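Structure, as structure tokens:
Just so we're clear, the structure is a prediction, and the values are computed from it rather than from any experiment. Letters A, B, ... mirror the listed sequences (proteins, then strands); counts begin at 1.
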Amino acid sequence: MEAHAMPYYGGRAPEKGLAVYTQKVGMWVFLCSEVMFFTGLIGSYIILRFGASETWPQPGEILNIPVTAINTFILICSSVTMVKAFAASEMGDKRGTRLYTLATAVIGAAFLGVQIYEYSELLGHGFGPWSGLYGSTFYTMTGFHGFHVFSGVVCMTWATVKAFRGGYDNGNYQGLEVLGLYWHFVDLVWIILFTIVYLI
Amino acid sequence: MNWSLPENIATYGGKIDALFWVITIVTGIAFVLVEVGIIWFCVKYRRREGHRAYYTHGSKSLEVLWTAVPALALVALGVYSASVWAYIKGRDAAPSESLHIAVSAKQFEWNVTYAGADEVLGTSDDFSTRNQLHFPVNRPILVWLEAEDVLHSFFIPQLRVKQDAVPGMTIPVWFEATKTGDYQIGCAELCGLGHYRMRARVTIHEPAAYEAWVGEQIAARAASGEPTVVAASADLGNDVGDGTGQHAGHDHSAGGM
Amino acid sequence: MATIVAEPTGIPVVEEHHEMSFIRKYIFSSDHKVIGIQFLFLSLFFLLVGGLLAMLMRWQLAWPGRPMPFGGLFPETMAPDGIMLPEFYISLVTMHGTFMVFFAIMLLLVGVYANYLIPLQIGAPDMAFPRLNMLSFWTAVPAGLIALASFAVEGGAAGAGWTSYAPLSGMPEYSGVSMGQQMWIVSLVLLGLSSILGSTNYITTVINMRAPGMLWTRMPLTVWALFITAILGLLAMPVLSGGLIMLLFDQTIGTHFFLPETGGQPLLWQHLFWFFGHPEVYILILPAMGFVSEILSAGSRKPVFGYKAMVGAIVAIAFLGFIVWGHHMFQSGMNPVLGTSFMVSTMVIAVPSAIKTFNWMGTMWRGNLHFHTPMLFAIGFVMLFVIGGLSGIFMASAPFDIFIHDTYFIVAHIHYVLFGGALFAIFAAIYYWFPKMFGRMMNDRWGKIHFALTFIFFNLAFFPMHTQGLAGMMRRLYDTSGYTHTADLQGTHLLITISAFALFATGVIFAINFFGSMFRGEKAPPNPWNATSLEWQTPSPPKHGNWEQAPVVYHGPHEYSHPDVTDKDWLAQNERPDVVSPAGH
Amino acid sequence: MDSTEALHETAGAGAAEAHASDHSHPRYLLVWLWLALLTAAEVAVVGFTALPKSWIVIALLVMAVWKALLVALYFMHLRFEPLRVAVVAASPLPLAVLLVMVVLQEYS
Ligand code: HEA
Ligand code: HEA
Ligand code: CUA
Ligand SMILES: [Cu+2]
């Protein structure tokens, strides 16, 4: 994991940079671009909504707030298990590492399940992406968020397998920390989405 | 080759052309400075055996100088342009005594609606023409610009006017001609395969001739009992359509975005 | 400082690596140098494609309605009897802009040189994430192929301009293109992904993998420029991707983001596009500026004049580049008050460019100028970029832009900054770094001929476009002869077209030199230009892993003609200031 | 996997890493509790209060930012990273705000 570290330089350290290990820098840099991607989508939502505020549906009129609130809670839980998995790995708690990575993958998948249920309900009531600006923005934003969760779940499944094979033992926690950054970021985006799409 | 702008027949055209010459002079000075400097250096400092370049990492005072001078020139240009911009395109720039005309662009034609005798758009004596725009000289004209399908752009080079027409929006554009004659509207925004031939005839009349023309149109309309659509002459390559071009009440603001 | 005795360090003793299969070594390689060279071939190919499309356009503009040579090769839907159809012309313009901007210039500047040069110039063994780097290349390939393939589908290639303004781009009913437009979007989403992966890599590499002693203030200007460019790409590209996805949904699943029928906003697309698009044009010039600074300095045998100001100017251009996007929308129906603020910020952005221009002149001043081919192209860059930049000032003035917006004046600007600017710098860079990449020199005499002819025909082809624009000739017109105010400009079109054909022929000279030198060129020494930065202190070409022993950096990047060095006129960045103890092996 | 091994590992010296937390992880469960409570409060504000709309919006935005900060500072460890990492993380936010605020001017 410590790519191209000290040995290469024959004992002289490369310039310090951000003072954290390279994979973590890479993930933060990548997340900056993710911020701008969601800015494009969420910003368009805000702008379009301002232009059509009279016709915009009231919160709860179309979307099901209680179900989504529970789903929000589910995603928050997955963030806790994620961070627990990292902590366990860092402290050398092998059992914890395995359990918590598995839990994170499962809870993440549960979030997706609820979202699929929500979509099918809405579509059943005839509310689709073609249903005006509200439908367009709703499905695009939550859909791309869901796609991010899906990618996260795929990675977590892979990480779980790796954890059960001992891949994160012996202080090898960086992989989980970096994956965790992504996971928490996706959680963070959901927090914003939940507020502005469902509640306001 | 034609090295400069086409004939100007707009009252505010002079402001735009003056701006052009000012920018030409400012950038011209920069251009000569740089190009002559480079060529001169190329000749003067070309490689010579046994010669060594002068070792320097820069010069504070020179760098401040060539940052500050362009900065001042550019900010001045910006402020100067801003006043002209507000005069021409500002939200309430159109003079209040303007004659209102509605123009609606669609693939690939210009539909023009006139206010008729009462000079109020959206009343029953409105009438439309297709691919021809008539208006009187020496009177501010306020065009309410719309588009039915895609973006188009309303461009009359000699009047120094260009404005995109955007579906979902009504955009005010004003101008005032100083000369009568025949000109063309061009479409300056890519709007599909017919973009290159989306043009219309502009006829600028003496005020009396314009009144007469309006009278004729109204009379013709009364005779047929239908809203009149006047098509442009055949040389524009467009056949006569049936669009009524009626435009419902124009709230005087650029709606939408 | 005491007399410096040159003692090169870090030239590795080469140890043979165990053989890798051809595929691992040249196709799915994760070595940044191989990836850089792969990008070079890919992007030159698209430069050729873009150039060919331009030739077709020029034919039509000079001789509207006349059958094209080999016109019979085109199907009925493009050019029946060899006569180009208007819809085909629009596809040509669109795809010419798309290929040139996204697949030729951007990949040449960033894909090729960020990959090839960053690790070498900062003294790193490879990129931070070599496999991500490979992925970035292999995402760009299908992106380009999809764009290319779109010519073959029903309805033809995208036809809404490279800016793809909605609603024309969003509704097949209006453009007559449906599949092609969607492929255009998919292609650019993929390219955006490739670019974001690449940027992540370049930024991380520069931040965290600099060799010992490679302080921020010792980075060559090329690295600075590529680093800041990567930041621009990282933050601007995803906004385009978001917009593209919304546009794709508008076309396919019935959403209405940019279609006005149910409240969508056509102007929103323009804001999103240009929020990306303006930083994009700086992505297309900043690396070029970096190369030119470095080549001018080496060619003049002088340090870069005002290194810190040059870095500051790069940063300032990047920062300001994010707040000027509205200058493309002055006549779009945007709130005129916004127009005023965008006009002022656009004026201000010319200041850092002024700093750069004058510092380049400062670099040449009292130098000892070696006119080798890269130097000639670098000087050509400064001369032509200035013309393009100054024409930008005319457009930056919103009231004058009323007249020239969407005319050939803009087309002239585009080509002066992108061809006269970026492409000239790319030619300079290709001639300059070719020996490092392929271990052989390019032919200098043919290089000079290439330069002279390109310089002449470029100006003959594109300068007259300014006058066409001032006469009011609109862009993207299939046939410009129908307007009374431009009817007499057909002669100018003819001049432009003939020069454009000649310009393409100079490209052929370049191609022959390029491929010929690759196999027949004179063997290159490690440091043919007597240059100072780290990549020249390795063999040509460098081996896998770049350094046997890590370089340690002691000096600034462009130390030419240092008075304390007497035996030569350059001081490599890793030359030790003394020989107290040889670097341990 | 067995517990003695786990205990042993806990005492181990992975701590030599330049990791600031020094094995004293923040109390993640407490953060979790806060997040859950805030979510409940958000739903409550929308569903069961009769405040004016603008108040509700402000309250919701405050709570959303609060939650987002909790995630970023604790789960993503920004509180414990060098300041430069936080600067990198926050760098796109001004651009995001700029884009939205400028385009919103189209309505004024
Ligand atoms: C590499 C690409 C590149 C670069 C570097 C630039 C640089 C600049 N561009 Fe350009 N631009 C494009 C690529 C680029 N542009 C493209 C592709 C389009 C068209 C898109 C489309 O619609 O298809 C476009 C369009 C475009 C427009 C929109 C025009 C319209 O559609 O109506 C405007 C308007 O302001 C503009 C302005 C500028 C300015 C002010 C600069 C400045 O950065 C230039 C600064 C440089 C100098 C000024 C020269 C050096 C300075 C001096 C010598 C100092 C002295 C100078 C003075 C005192 C004035 N550009
Ligand atoms: C980098 C960008 C770039 C480059 C290099 C060019 C190059 C050329 N462009 Fe381009 N052009 C654009 C970017 C570029 N263009 C853009 C962005 C637009 C706007 C599009 C739009 O409106 O949507 C445009 C629009 C545009 C128009 C306006 C069309 C219209 O509005 O109707 C015209 C018209 O003449 C034109 C002509 C040319 C010509 C003749 C060349 C010639 O210089 C071409 C010369 C040929 C070459 C440079 C190829 C030589 C290379 C080789 C032979 C390859 C060697 C290969 C190997 C070694 C493998 N271009
Ligand atoms: Cu209408 Cu172009
Ligand atoms: Cu721009």
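- In this structure Trp130(A) satisfies the ring-ring contact (aromatic ring centres under 6.0 Å, His included) test with no other residue, sequence neighbours excluded.
- Atom CH2 of Trp56(A) sits in a crowded spot, with more than 12 heavy atoms from other residues, nucleotides or ligands closer than 6.0 Å.
- Contact detail for Val100(D) and Gly43(A): the closest heavy-atom pair is CG2-CA, 3.7 Å.
- Proximity to chain A (any heavy atom under 4.5 Å) is shown, for Leu35(D), by both the backbone and the side chain.
- Taking CE of Met82(A) as the reference point, atom CE of Met76(D) lies at 11.5 Å (rounded to 0.5 Å).
- Summarising the geometry, atom OG1 belonging to Thr81(A) is positioned 10.5 Å from atom CH2 belonging to Trp32(D); distances are rounded to the nearest 0.5 Å.
- Of all residues spanning residues 28-41 of chain A, those with a heavy atom less than 4.5 Å away from chain D's heavy atoms are Trp28(A), Leu31(A), Cys32(A), Val35(A), Met36(A), Thr39(A), arranged by number.
- Tyr28(D) OH: more than 12 foreign heavy atoms inside a 6.0 Å radius.
- Of residues 70-80 of chain A, those residues lying under 4.5 Å from chain D by any heavy-atom pair are Thr72(A), Phe73(A), Ile76(A), Cys77(A), Ser79(A), Val80(A).
- For a residue to count as touching a neighbouring chain, one of its non-hydrogen atoms must lie under 4.5 Å from one of that chain's; by this rule Leu33(D) does not touch chain A.
- By the 6.0 Å contact criterion, CZ on Phe150(A) is open, its count of non-hydrogen atoms from other residues, nucleotides or ligands being 12 or less.
- For Val46(D), the part lying near chain A is the side chain, with the backbone staying farther off; criterion is any non-hydrogen pair under 4.5 Å.
- Between Lys53(D) and Gln58(A) there is a side-chain heavy-atom pair separated by less than 4.5 Å.
- Heavy-atom neighbours of Tyr134(A) OH from other residues, nucleotides or ligands within 6.0 Å: above the threshold of 12.
- Screening Val25(A), Val20(A), Leu18(A) for a side chain to side chain contact (heavy atoms under 4.5 Å, CB included) involving Val88(D) leaves a single residue, Leu18(A).
- For Leu181(A), the parts lying near chain D are the backbone and the side chain together; criterion is any non-hydrogen pair under 4.5 Å.
- From Leu69(D), atom CG reaches atom CD1 of Ile191(A) across 10.0 Å, with rounding to the nearest 0.5 Å.
- Between Ile46(A) and Val103(D) there is no side-chain heavy-atom pair separated by less than 4.5 Å.
- Among Val45(D), Val43(D), Leu104(D), Thr39(D), the residue making the largest number of heavy-atom pairs under 4.5 Å with chain A is Leu104(D).
- Remark: Lys67(D) pairs with Glu42(D) by the salt bridge (charged side-chain N to carboxylate O under 4.0 Å, His left out) rule, at least two apart or across chains.
- Using the six-membered ring where Trp is involved, His77(D) and Phe86(A) have ring planes that are tilted, between 30° and 60° apart.
- Both the backbone and the side chain of Ala72(D) come within contact range of chain A, judged by heavy atoms closer than 4.5 Å.
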